[in-house]
Amino acid sequence: MPNIALELGRISANIGVNSAYGEQQDVDGVRIVPVAATWTGFGGGSDESGNGGGGGGGFSAPIGAYVRRGETLTFEPNIVSLLAVGIPFIWVTGRVLARIIRVLKK
C-alpha cells in the first residue's frame, strides 16, 4: 500500500483555488467567474497488524461571482449563501470575543 500521506497530498494539490474559483464564463459580452467557500478534510490511519484506511470529504457553497462589464470588475454576492456562511462565522467570533473579554476582566 503506498504511503497514504503522500497519496492524499497528491490528490489534494488540485483542491484549493480550483475549487474556490470556477471557470470563466462569457455571457452576452459579460465575463463571469463564480466564487465559492470551500472546506475539505482528510484522515487516515493504521494499526500494528497493517490494517489501515483513510477517507475525506468536502463542502462547497457558492457565495457570488466576479463580473466584468467592459472595464468594470465587481463582486456580486449570492446573498442567501453569503448569509449561510457568514452567520455561523459571526456567531463563533462573538463567542470567542465574549470569552476573551471575560478572561481579561479577571
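Values reported hereafter were calculated over all heavy atoms of this structure, with side chains retained and with hydrogens, waters and symmetry mates removed.
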Open item on the list: Going by salt bridge (charged side-chain N to carboxylate O under 4.0 Å, His left out), name the pairs with one or both residues in residues 19-31, residues two or more places apart or in two chains.
Closed with: Asp26-Arg31
Open item on the list: Given 3.5 Å as the limit, does a donor-acceptor pair link the side chain of Ser81 with the main chain of Pro62, or not?
Closed with: yes
Task: Gly22 to Val33 - nearest heavy-atom pair and separation - done: O-CG1, 3.7 Å
TODO: Scan for side chain to side chain donor-acceptor pair (under 3.5 Å) pairs involving residues 53-75, sequence neighbours excluded, and state none if there are none.
DONE: Arg69-Glu76
Task: Shortest non-hydrogen separation from Phe59 to Ala61 and the atoms involved - done: CE2-CB, 3.8 Å
Open item on the list: Tell me whether Leu73 shares a hydrophobic cluster with Tyr21, the cluster being built from Ile, Leu, Val, Met, Phe, Trp, Tyr side chains joined at under 4.5 Å.
Closed with: yes
Open item on the list: Clusters formed by hydrophobic residues whose side-chain heavy atoms approach within less than 4.5 Å: which one holds Ile79, and what are its other members?
Closed with: Leu83, Ile87
Which donor-acceptor pairs under 3.5 Å do the side chains of residues 90-106 make with protein atoms, sequence neighbours left out?
from  : atom 1 : to    : atom 2 : distance (Å)
Thr93 : OG1    : Phe89 : O      : 2.8

TODO: Please list all pairs passing the salt bridge (charged side-chain N to carboxylate O under 4.0 Å, His left out) test where one or both residues lie in residues 32-54, with sequence neighbours left out.
DONE: none
- [ ] Please identify each residue that fulfils side chain to side chain contact (heavy atoms under 4.5 Å, CB included) with Pro34, with sequence neighbours left out.
- [x] none
